[in-house]
S.K.: 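Once you've had a glance at the structure underneath, I'll fire off some questions.
Atoms considered below: every heavy atom in the structure, side chains included; atoms not considered: hydrogens, waters and symmetry mates. Counting begins at 1 with the first residue of the sequence. Model, not experiment: these values are computed from the prediction.
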Amino acid sequence: RADGHNVMELCDWNVAYEIRLPAAIRGGFLLPFHYFGIADDTVDYERIPRRNGAFIEDELGAALSLSARADLLLRHAVEKGYDGPRRVALAFCADVAHARFMRDEFERRGERAAMVCGETPLDERARIYAELQAPKGPLEWLFVAEALNEGVDLPAINTVAFLRPTESSVVF
């Protein structure tokens, strides 16, 4: 947890149910997936300022907002493909400005893209999610920041991109 507290404390250290990823896939609770780790040499992470060991959010978002990264993502997305009749992609960004930048870059490249952030009104989010999942809808890319962290079910998604660094295995 980002606040440093152990969630188990809230439950008096009782585990109601636990399932690991392979068992969840075998049980049909999650779909199997193909994972591709893509080397990103467009960013020099050593040059991004940190505070108390963590990247400074605004500095990180600005450092990741590069046309070369948009090119890299799009090139690999085309190369790796997707399952289904069309791509339905969700891309997690470092901050709102980064999400907006990526949306704009993809739109400039002729890709249909949208963005959602923590401040996006719920009715607008619902409209965007519906458009993204519409079987014949044109929207293919959704760039998000400060949203869709947990408790979301968008079953049409067939591509997930993690466009920000993390040192948390849970977040990853």
Side-chain angles (χ1 to χ4, degrees), residues 1-40 43 45-46 48-65 69 73 77 82-84 87-103 113-134 139-172:
R1 291 175 43 126
D3 63 9
H5 292 94
N6 190 324
V7 71
M8 292 297 295
E9 197 174 335
L10 299 173
C11 307
D12 292 326
W13 307 100
N14 293 309
V15 176
Y17 186 78
E18 182 176 345
I19 188 168
R20 299 292 179 184
L21 184 63
I25 291 171
R26 282 193 305 275
F29 305 118
L30 296 173
L31 294 174
F33 58 89
H34 299 282
Y35 175 84
F36 301 99
I38 298 167
D40 179 5
V43 177
Y45 290 91
E46 297 298 318
I48 303 172
R50 292 177 180 247
R51 184 177 300 125
N52 299 326
F55 290 115
I56 299 171
E57 187 174 299
D58 292 346
E59 299 282 347
L60 176 62
L64 299 178
S65 296
R69 288 190 91 230
L73 173 58
Y82 54 88
D83 291 329
R87 181 180 312 281
V88 183
L90 179 62
F92 292 96
C93 299
D95 62 17
V96 174
H98 181 220
R100 185 175 297 115
F101 174 86
M102 293 301 292
R103 178 206 56 204
M115 71 158 284
V116 167
C117 68
E119 295 179 3
T120 304
L122 294 179
D123 59 333
E124 186 178 344
R125 290 185 199 198
R127 180 189 58 74
I128 291 170
Y129 300 157
E131 184 181 345
L132 182 68
Q133 297 203 115
L139 183 59
E140 291 187 356
W141 291 92
L142 179 58
F143 295 95
V144 300
E146 303 168 1
L148 296 179
N149 297 327
E150 56 188 37
V152 177
D153 186 21
L154 300 172
I157 291 173
N158 57 21
T159 302
V160 176
F162 206 68
L163 304 180
R164 62 185 184 89
T166 184
E167 294 180 13
S168 166
S169 61
V170 173
V171 169
F172 187 69

S.K.: Hey, does the Lys NZ or Arg CZ of Arg50 hover above the aromatic six-ring of Phe55, less than 6.0 Å from the centre and inside 45° of the axis?
M.R.: yes
S.K.: Has the side chain of Asn158 got a donor or acceptor atom that lies under 3.5 Å from a matching backbone atom of Val88?
M.R.: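 Yes.
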S.K.: Heavy atoms, side chains only, cut-off 4.5 Å: are Leu60 and Pro165 in contact?
M.R.: yes
S.K.: Just one of Asp153, Leu139, Leu154, Ile157 clears the side chain to side chain contact (heavy atoms under 4.5 Å, CB included) bar with Tyr129, so which one?
M.R.: Leu154
S.K.: Can you check whether Thr120's main-chain N or O pairs, donor with acceptor, with Arg125's side chain at less than 3.5 Å?
M.R.: yes
S.K.: Can you confirm whether more than 12 heavy atoms, excluding those of Phe33, are under 6.0 Å from its CZ atom?
M.R.: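 Counting other residues, nucleotides and ligands, CZ of Phe33 stays at 12 neighbours or fewer.
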S.K.: Are any non-hydrogen side-chain atoms of Val160 and Phe92 less than 4.5 angstrom apart?
M.R.: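 Yes, at least one pair of side-chain atoms sits under 4.5 Å.
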S.K.: Enter the distance from Arg100:CZ to Ser65:OG here, rounded to the nearest 0.5 Å.
M.R.: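 Going from the CZ atom of Arg100 to the OG atom of Ser65 covers 10.5 Å.
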S.K.: State whether the side chain of Asp12 and the backbone N or O of Asn14 hold a donor-acceptor pair below 3.5 Å, judged by distance alone.
M.R.: no
S.K.: Any non-hydrogen side-chain atom of Leu148 less than 4.5 Å from a side-chain atom of Leu90?
M.R.: yes
S.K.: One pair to check against side-chain contact (heavy atoms from CB on, under 4.5 Å): Asp58 and Asp95. What are the steps and the verdict?
M.R.: CA-CA 7 Å; Asp58 292 346; Asp95 62 17; 4.1 Å; yes
S.K.: Could you tell me if Arg87 and Thr159 have a donor-acceptor pair between their side chains, going purely by distance under 3.5 Å?
M.R.: yes
S.K.: Between Asp40 and Arg69, is any pair of side-chain heavy atoms under 4.5 Å apart?
M.R.: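 Answer yes - side chains close enough.
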